[in-house]
*Asks:* 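Quick one: this structure, given as structure tokens, is what I'll be asking you about.
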Amino acid sequence: MIMDFRRKKLKRVRFAPSPTGYLHLGNARTALFNYLFAKHEGSTFILRIEDTDLERSKKEYEEMLIEDLKWLGIEWDEGPDRGGKYGPYRQSERLDIYHKYVDKLLKSGDAYYCYCTEEELEKEREKAIAEGRPYRYSGKCRNLTEEERSEYEAKGIKPVIRFKVPEKTVVFEDVIRGVVEIDTKEFGDFVIVRADGMPVYNFVVVIDDALMEITHVIRGEDHLSNTPKQIVIYEALGFNIPTFAHLPIILGEDRTKLSKRHGAVSVRALKDEGYLSEAVFNALSLLGWHPKDEKEILPKEEIFKQFRLEDVNKSPAIFDRNKLRWMNGVYIREILPLEEVTKRAVEFFEGFGYKADFEYYKKVMEAVRDSIETMLDIKERAKVFFVDEIIFSEDVVKEVRSDEKFYKVVEAFYQKIKDKGGISKEDFKTITKEIQQELGVKGKGLFHPLRIALTGESSGVGLDILVEVIGIERVKFRLKRFLEYFG
RNA sequence: GGCCCCAUCGUCUAGCCUGGCCUAGGACACCGGCCUUUCACGCCGGCGACACGGGUUCGAAUCCCGUUGGGGUCACCA
């Protein structure tokens, strides 16, 4: 029994963004797949902030990252905002830890000081490119004598620290890509500590993943070529090597890696454009992965249940906005309860200057939710519930004038309601039935004039609902305006 | 350019490992129709793909080789 318990060691995964901008969809998908894996396996999910690039990292970005992740519905067990046994979870706060391991590598001879200046290296690099061969660091400073070192120091050159890469072929098995083999000749001795003393990504990521006891490193395919660099460090330090899973990257419509230049591809932008987090969550989980049956609208629990890393496909995917739009529409009209969609819609109503109380918003949402796909669509679709000053376009004027029944229909309707104190959907139906019989108009011939009179538009929500929601006084007001305008 | 990865409708994908059930399935988009006395939702139908060329095999989307195309990566960024 005790053995059994020990064997069931919890898996630990992490999402490690650098706070250099908004959370974009590529990273969001990586975070999501880590989260899905954690949920499926019952493992621990860690958020770690990779802010060793002092130039680009900003505290504000970290806060936005956390906000966006939470909005998406991704939760972590340990992180900079909530602590945990393996903290701190911000790399800028772990510098002393890194330096301990740098010293260790220096002592064991696995790392060395390098005094080559950036200018020198740049020259070498240019030369290599000119000669058509790939650039690798020459290893010039690998075996400096104490005298040579003191000479450089005396000149005031601040050294970087490089890892002494052993000559070998690194082999590892990636959960998604299978066996990957890369020769260390491909990269050569790389920098692990900058001249300013700040350690570099490929080094710190190893220390953190090892110390935080990460068992599965799930990240974007763009890190595939970094993996052997990291493995040689794991080996030099005697750490356990985690299991790797490199996700296919997400491409923009031009088939290159998704980035800022592809326009609004941050989750923040999606949120502002009126997408629901549930829909984004659902759509993102279908990029590179798919459930066993053909149902695509899936509640989170179902995704947790079915998600398996082994089922993630290898080919990159282009993010399909159209499908997200459609899916968002499904969530708006079918999945979320009316009360909930209305809550989400409030800020948009207010943003459009459509002022009303929650109950009114709810009625409007009930009327329009079948015909909108994002909250931004509310602006056009719900306008008729808020704006009484209708402007008749030239085309409308022409149309009304050219059809004598047009005016008559509206007038007849007005006559029937002008003394009423209220109007319901049913009232509307009865009245239109009467007009149908009296004037001999039906279908479009009947509804179109009323729609124009009440909204100025030739399409929109069901009129029976419209009149009920805006109420008798506003109906009278709008009809009277029409009649006066064309009378 | 070196190295690595990928390759099914326009897009997301099922099938590929364990060849025959594939006349290649689903979804979005698009087109047409039905429902609705108006709008929308919904329903039904249509269009549309195994990158190419060689093998292997009785049989290949599925296995092998090559070609082409696309992508990633080559920092004192992450």
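Labels below follow one simple rule: chain letters A, B, ... track the order of the sequence lines, proteins then strands, and each chain is numbered from 1.
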*Asks:* Does a side-chain N-to-carboxylate-O contact under 4.0 Å join A:Asp196 and A:Lys158?
*Replies:*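 The answer is no: the pair does not qualify as a salt bridge.
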*Asks:* Quick one: is B:rC39 close enough that its OP1 or OP2 comes under 4.0 Å of any side-chain N or O from A:Lys444?
*Replies:*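 A:Lys444 to B:rC39 OP1/OP2: side-chain N or O found under 4.0 Å.
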*Asks:* Tell me the interatomic distance from A:Ile335, atom CD1, to B:rC41, atom P, rounded to whole angstroms.
*Replies:*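 Answer to the nearest Å: 16 Å.
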*Asks:* So, A:Phe428 versus A:Phe413, ring centres under 6.0 angstrom or not?
*Replies:*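 Judged by ring-centre distance (under 6.0 Å), A:Phe428 and A:Phe413 do meet the cut-off.
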*Asks:* Can you name the atoms? Protein N/O to nucleotides 1-3 of chain B N/O, anything below 3.5 Å, with the distance.
*Replies:*
{"from": "B:rC3", "atom 1": "O4'", "to": "A:Glu186", "atom 2": "OE1", "distance (Å)": "3.3"}

*Asks:* What's the closest nucleotide to the A:Asn226 side chain, out of B:rG71, B:rA78, B:rA40?
*Replies:*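 Closest of the options to the side chain of A:Asn226: B:rA78.
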*Asks:* Just the rounded figure in Å: distance from C1' of B:rA78 to CZ of A:Arg90.
*Replies:*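 Taking atom C1' of B:rA78 as the reference, CZ of A:Arg90 is at 17 Å.
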*Asks:* Give none if B:rA27 has no partner; otherwise give the nucleotide forming a Watson-Crick or G-U wobble pair with it, both distances under 3.5 Å.
*Replies:*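 Base-paired to B:rU11.
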*Asks:* Side chains of A:Arg474 and A:Arg478: closer than 4.5 Å at any heavy-atom pair?
*Replies:*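 Result yes, sub-4.5 Å side-chain heavy-atom pair found.
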*Asks:* Start at the 5' end of RNA chain B and walk down; is the nucleotide closest to A:Ile372 or to A:Leu446 reached first?
*Replies:*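 Whichever sits nearer the 5' end wins; that is A:Leu446.
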*Asks:* Could you tell me whether the side chain of A:Arg381 and the main chain of A:Gly460 form a donor-acceptor pair under 3.5 Å?
*Replies:*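 Yes: the side chain of A:Arg381 pairs with the backbone of A:Gly460.
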*Asks:* At 4.0 Å (heavy atoms only), tell me whether A:Val191 reaches a base, stays on the sugar-phosphate, or touches nothing.
*Replies:*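 Sugar-phosphate contact only.
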*Asks:* Run the salt-bridge test on A:Glu278 and A:Arg344 with the 4.0 Å N-O cut-off and return the result as yes or no.
*Replies:*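 Salt bridge between A:Glu278 and A:Arg344, a charged N being under 4.0 Å from a carboxylate O: yes.
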*Asks:* Is there a Watson-Crick or G-U wobble partner for B:rG69 with both distances under 3.5 Å, and which nucleotide is it?
*Replies:*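 Partner of B:rG69: B:rC6.
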*Asks:* Determine the Euclidean distance between corresponding P atoms of B:rG15 and B:rA78; express it in Å to zero decimal places.
*Replies:*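 It works out to 38 Å between them.
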*Asks:* For the pair made of CZ in A:Arg333 and C1' in B:rC39, what is the distance, rounded to whole Å?
*Replies:*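 The distance from CZ of A:Arg333 to C1' of B:rC39 comes to 14 Å, rounded to the nearest Å.
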*Asks:* If you measure from the P atom in B:rC30 to the same atom in B:rC4, how many Å do you get, rounded?
*Replies:*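 My reading of the P atoms in B:rC30 and B:rC4 gives 43 Å.
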*Asks:* Taking only side-chain nitrogens and oxygens of A:Lys257, does any of them come within less than 4.0 Å of OP1 or OP2 of B:rU73?
*Replies:*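 A:Lys257 to B:rU73 OP1/OP2: side-chain N or O found under 4.0 Å.
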*Asks:* Are A:Tyr137 and A:Cys116 side-chain neighbours, meaning at least one heavy-atom pair lies under 4.5 Å?
*Replies:*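 The answer is yes; the side chains approach within 4.5 Å.
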*Asks:* Checking base pairs now: Watson-Crick or wobble, both atom distances under 3.5 Å. What partners B:rG42?
*Replies:*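 Pairing partner, where one exists within any strand: B:rC34.
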*Asks:* Before you tell me yes or no, could you show the steps for A:Leu450 and A:Thr432 under side-chain contact (heavy atoms from CB on, under 4.5 Å), namely the whole-Å CA-CA distance, both residues' side-chain angles and the distance that decides it to 0.1 Å?
*Replies:* CA-CA 10 Å; A:Leu450 293 176; A:Thr432 49; 3.9 Å; yes
*Asks:* Grab the NZ-P distance between A:Lys295 and B:rG26 for me, whole Å please.
*Replies:*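 The answer, rounded to whole Å, is 15 Å.
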*Asks:* Distance between the P atoms of B:rG54 and B:rA7, in whole angstroms?
*Replies:*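 Per the computed distance, 22 Å lies between those P atoms.
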*Asks:* Check for me: is A:Phe447 stacked on B:rU38 by the 5.5 Å centroid and 30° plane-angle rule?
*Replies:*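 Given the distance and angle limits, yes, they stack.
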*Asks:* Base, sugar-phosphate, or nothing: which does A:Arg177 touch, judged by heavy atoms less than 4.0 Å apart?
*Replies:*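 Since only primed, P, OP1 and OP2 atoms lie under 4.0 Å of A:Arg177, the category is sugar-phosphate.
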*Asks:* Does a nitrogen or oxygen in the side chain of A:Arg125 sit under 4.0 Å from OP1 or OP2 of B:rC76?
*Replies:*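 Checking A:Arg125 against B:rC76: at least one side-chain N or O falls below 4.0 Å of OP1 or OP2.
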*Asks:* Please check: side-chain N/O of A:Asn34 versus main-chain N/O of A:Ala31, any donor-acceptor pairing under 3.5 Å?
*Replies:*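 Pair absent, no side-chain N/O of A:Asn34 close to backbone of A:Ala31.
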*Asks:* Using a cut-off of 4.0 Å on non-hydrogen atoms, how would the nucleic acid contact of A:Ile249 be classed: base, sugar-phosphate, or nothing?
*Replies:*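 The residue A:Ile249 makes sugar-phosphate contact but no base contact.
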*Asks:* Tell me: CG of A:Leu298 to P of B:rC28, nearest whole Å?
*Replies:*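 Spelled out: CG on A:Leu298 to P on B:rC28 is 14 Å.
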*Asks:* Using a 4.0 Å heavy-atom cut-off across all strands, classify A:Val160 as base, sugar-phosphate, or nothing.
*Replies:*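 Counting heavy atoms under 4.0 Å across all strands, the contact made by A:Val160 includes a base.
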*Asks:* Between A:Arg308 and A:Glu310, is the closest basic N to carboxylate O distance under 4.0 Å?
*Replies:*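 A salt bridge is present here (some side-chain N lies under 4.0 Å from a carboxylate O).
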*Asks:* Between B:rU37, B:rA78, B:rC39, which one does the side chain of A:Ser459 approach most closely?
*Replies:*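 Within the option list, the nearest is B:rC39.
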*Asks:* With rounding to whole Å, what would you report as the distance between B:rU8 and B:rG1 at their C1' atoms?
*Replies:*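 About 31 Å, rounded to a whole number of Å.
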*Asks:* From CD1 of A:Ile332 over to P of B:rC41, roughly how many Å is that when rounded to an integer?
*Replies:*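 From A:Ile332 CD1 to B:rC41 P: 13 Å.
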*Asks:* Closer than 4.0 angstrom, basic N to acidic O: yes or no for A:Glu50 and A:Arg48?
*Replies:*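 Salt bridge flag = yes for A:Arg48 with A:Glu50.
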*Asks:* In terms of relative ring orientation, are A:His223 and A:Tyr201 parallel, tilted or perpendicular, with 30° and 60° separating the classes?
*Replies:*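 Tilted: the ring planes of A:His223 and A:Tyr201 meet at 30° to 60°.
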*Asks:* What is the distance, rounded to the nearest whole Å, between atom CZ of A:Phe413 and atom C1' of B:rU37?
*Replies:*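 Going from A:Phe413 (CZ) to B:rU37 (C1'), I get 14 Å.
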*Asks:* Can you tell me how far P in B:rG25 sits from the matching atom in B:rG46, rounded to whole Å?
*Replies:*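 That atom pair is separated by 11 Å.
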*Asks:* Between protein and nucleic acid, restricted to nucleotides 10-17 of chain B and to nitrogen or oxygen atoms under 3.5 Å apart, what atom pairs and distances do you find?
*Replies:*
{"from": "B:rU11", "atom 1": "OP1", "to": "A:Arg255", "atom 2": "NH2", "distance (Å)": "2.3"}
{"from": "B:rU11", "atom 1": "O2", "to": "A:Asp320", "atom 2": "OD2", "distance (Å)": "3.4"}
{"from": "B:rC12", "atom 1": "OP1", "to": "A:Ile318", "atom 2": "N", "distance (Å)": "2.9"}
{"from": "B:rC12", "atom 1": "O2'", "to": "A:Leu286", "atom 2": "O", "distance (Å)": "3.3"}
{"from": "B:rC12", "atom 1": "O2", "to": "A:Lys323", "atom 2": "NZ", "distance (Å)": "3.4"}
{"from": "B:rU13", "atom 1": "OP1", "to": "A:Gly288", "atom 2": "N", "distance (Å)": "2.5"}
{"from": "B:rA14", "atom 1": "OP1", "to": "A:His290", "atom 2": "NE2", "distance (Å)": "3.2"}

*Asks:* Using a heavy-atom cut-off of 4.0 Å across all strands, would you classify A:His246 as base, sugar-phosphate, or nothing?
*Replies:*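 Since no nucleic acid heavy atom lies under 4.0 Å of A:His246, the category is nothing.
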*Asks:* When the P atoms of B:rG26 and B:rC64 are considered, how many whole Å apart are they?
*Replies:*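 To the nearest whole Å, 29 Å.
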*Asks:* With the threshold set at under 4.0 Å for non-hydrogen atoms, list the residues of residues 425-436 of chain A touching RNA chain B in residue-number order.
*Replies:*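 Heavy-atom contacts with RNA chain B come from A:Lys429, A:Thr432, A:Lys433, A:Gln436.
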*Asks:* Which whole number of Å gives the distance between the P atom of B:rU62 and that of B:rG53?
*Replies:*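 Nearest-Å result for B:rU62 against B:rG53 at atom P: 13 Å.
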*Asks:* Base, sugar-phosphate or nothing for A:Asp293? Non-hydrogen atoms, less than 4.0 Å.
*Replies:*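 Answer is nothing: A:Asp293 stays at 4.0 Å or more from every strand.
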*Asks:* Between A:Glu296 and A:Lys323, does at least one N-O distance fall below 4.0 Å, as a salt bridge requires?
*Replies:*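 Result for this pair is yes, salt bridge flagged.
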*Asks:* Hey, is A:Lys362 close enough to A:Glu366 for a salt bridge, meaning N to O under 4.0 Å?
*Replies:*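 No salt bridge links A:Lys362 with A:Glu366.
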*Asks:* Please state the C1' separation for the pair B:rC43 and B:rC6 - nearest whole angstrom.
*Replies:*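 It works out to 39 Å between them.
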*Asks:* To the side chain of A:Thr256, which of B:rC41, B:rG71, B:rC77 is closest?
*Replies:*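 Selected nucleotide: B:rG71.
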*Asks:* With RNA chain B as reference, determine whether A:Val180 or A:Trp326 sits nearer its 5' end, using the nearest nucleotide of each.
*Replies:*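 Mapping each residue to its closest nucleotide by heavy atoms, the 5'-most match is A:Val180.
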*Asks:* Taking CG from A:Leu224 and P from B:rA78, how many angstroms apart are they, rounded to a whole number?
*Replies:*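 Nearest whole value for this atom pair: 19 Å.
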*Asks:* Among A:Thr430, A:Ile423, A:Ile435, A:Asp427, find the residue that satisfies the side chain to side chain contact (heavy atoms under 4.5 Å, CB included) test when tested with A:Lys416.
*Replies:*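 Between A:Lys416 and the candidates, side chain to side chain contact (heavy atoms under 4.5 Å, CB included) is satisfied uniquely by A:Ile435.
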*Asks:* Does any nucleotide pair with B:rG48 by Watson-Crick or G-U wobble geometry, both distances under 3.5 Å, and what is it?
*Replies:*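 Across all strands, not a single nucleotide pairs with B:rG48.
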*Asks:* Output the single nucleotide from B:rC41, B:rG72, B:rA78 whose closest atom is nearest the side chain of A:Arg194.
*Replies:*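 Within the option list, the nearest is B:rA78.
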*Asks:* In terms of side-chain heavy atoms, does A:Glu153 have a donor or acceptor partner in A:Tyr115 at a distance below 3.5 Å?
*Replies:*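 Distance-only check passes for A:Glu153 and A:Tyr115.
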